[in-house]
Amino acid sequence: MKNRLTVAIADIIIGALIALIPFNLLPVCGHEEKKMACFFTAKAEVVLGIAIAFLGIIYLFSKCKGVRLGITIAQIINAAISVVFLKIIGLCKMASMACQVKTKPAIIVAAISLLVVQAANIIILSKKGNKDEENSEVHTKEDKE
């Protein structure tokens with residue numbers, strides 16, 4: 001339970017940060033005037049941050065080790081997607097713009113933090129064995145035999 005709570009809280013906080021950075025905490029440049037690439041990247045990061053936080057909530061209530069492992073793998077993919085959005089959708093071309101100077105490094109740090117938490121979680125889940133699954137109320141037909 002302690003690991004599940006720690007990972008879930010970390011996921012929710014990092015997801016909230018990724019969702020809040022582009023428009024609230026370290027906003028992208030000029031999103032009020034002209035809609036540039038950084039604006040669309042920011043929108044994608046907000047949606048991804050919400051998804052990361054939502055998976056953190058699901059992780060908190062999941063008792064099955066397999067589901068928690070699946071969510072962990074999904075969060076690793078989400079961390080990678082968060083960084084890939086910065087490259088594929090793009091940001092402003094000028095290196096001195098706010099999106100390049102503030103928003104991009106903050107999102108990269110948040111994504112790396114998510115990646116580190118999930119990598120540690122994979123190690124912890126692999127060491128636990130099947131303890132949680134044995135205690136779970138849901139058993140398959142094969143487990144009962």
Side-chain angles (χ1 to χ4, degrees), residues 1-32 35-92 95 97-145:
M1 177 67 181
K2 192 169 150 182
N3 172 51
R4 192 169 59 200
L5 183 64
T6 305
V7 172
I9 289 172
D11 286 354
I12 293 166
I13 290 171
I14 294 169
L17 279 174
I18 290 175
L20 291 173
I21 286 171
F23 288 121
N24 299 53
L25 300 177
L26 299 167
V28 294
C29 47
H31 59 273
E32 288 91 22
K35 306 291 188 231
M36 297 184 289
C38 59
F39 172 78
F40 297 107
T41 300
K43 286 179 78 172
E45 293 288 353
V46 168
V47 172
L48 188 63
I50 292 169
I52 290 168
F54 183 70
L55 283 175
I57 293 169
I58 293 172
Y59 189 92
L60 179 63
F61 295 107
S62 174
K63 293 183 180 177
C64 178
K65 179 185 167 192
V67 171
R68 291 197 318 262
L69 185 60
I71 291 172
T72 300
I73 292 168
Q75 295 289 46
I76 290 171
I77 293 169
N78 285 339
I81 290 171
S82 181
V83 175
V84 169
F85 278 161
L86 298 171
K87 192 71 174 165
I88 291 180
I89 302 173
L91 297 170
C92 295
M97 297 300 280
C99 60
Q100 291 281 0
V101 175
K102 297 177 184 177
T103 311
K104 181 179 179 180
I107 288 176
I108 290 172
V109 167
I112 290 171
S113 300
L114 181 65
L115 187 64
V116 168
V117 167
Q118 300 311 320
N121 192 39
I122 284 181
I123 293 168
I124 291 168
L125 286 176
S126 66
K127 287 183 179 180
K128 274 190 168 182
N130 291 328
K131 291 178 188 172
D132 290 342
E133 289 178 353
E134 290 171 4
N135 294 333
S136 177
E137 294 176 14
V138 179
H139 293 285
T140 62
K141 190 176 187 179
E142 296 149 358
D143 288 341
K144 291 180 181 178
E145 294 177 355

Taking Lys102 for the side chain and Pro27 for the main chain, is one N or O donor matched with an acceptor at less than 3.5 Å?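 Not a single qualifying donor-acceptor pair exists.
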
Is there a side-chain contact between [X] and [Y] in this structure, where contact means two heavy atoms from C-beta onward sitting under 4.5 Å apart?
X	Y	value
Thr103	Leu91	no
Val46	Leu20	no
Tyr59	Leu55	no
Thr41	Pro22	no

[atom1]/[X] to [atom2]/[Y] distance, rounded to the nearest 0.5 angstrom?
X	Y	atom1	atom2	value
Cys38	Gln100	SG	CD	9.0 Å
Leu17	Leu114	CG	CG	11.0 Å
Ile52	Ile18	CD1	CD1	4.0 Å
Arg68	Ile122	CZ	CD1	13.0 Å
Ile88	Ile81	CD1	CD1	9.0 Å
Leu115	Ile108	CG	CD1	12.5 Å

Taking side-chain contact (heavy atoms from CB on, under 4.5 Å) as the definition, give me every residue that meets it alongside [X], ordered by chain and number, with sequence neighbours left out.
X	answer
Ala53	none
Ala16	none
Ser113	Ile14, Val109
Phe40	Lys35, Ile89

Closest approach of [X] and [Y], non-hydrogen atoms and distance?
X	Y	result
Cys92	Met97	CB-CG, 3.8 Å
Phe23	Ala42	CZ-CB, 3.5 Å
Leu48	Phe85	CD2-CE1, 4.1 Å
Ala95	Val101	O-CG2, 3.4 Å
Ala111	Val83	CB-CG2, 3.7 Å
Leu60	Ala8	CB-CB, 3.6 Å

Can you name the side chain to side chain donor-acceptor pair (under 3.5 Å) partners of Ser62, sequence neighbours left out?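 If we apply the side chain to side chain donor-acceptor pair (under 3.5 Å) test to Ser62, skipping adjacent residues, there are no hits.
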
Using the test side chain to side chain donor-acceptor pair (under 3.5 Å), find all partners of Ser82 that sit at least two apart in sequence or belong to another chain.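 Here the qualifying residues are Glu45.
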
What pairs meet the side chain to side chain donor-acceptor pair (under 3.5 Å) rule with one or both residues in residues 70-79, with sequence neighbours excluded?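 The answer is Asp11-Gln75, Thr72-Asn121, Gln75-Asn78.
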
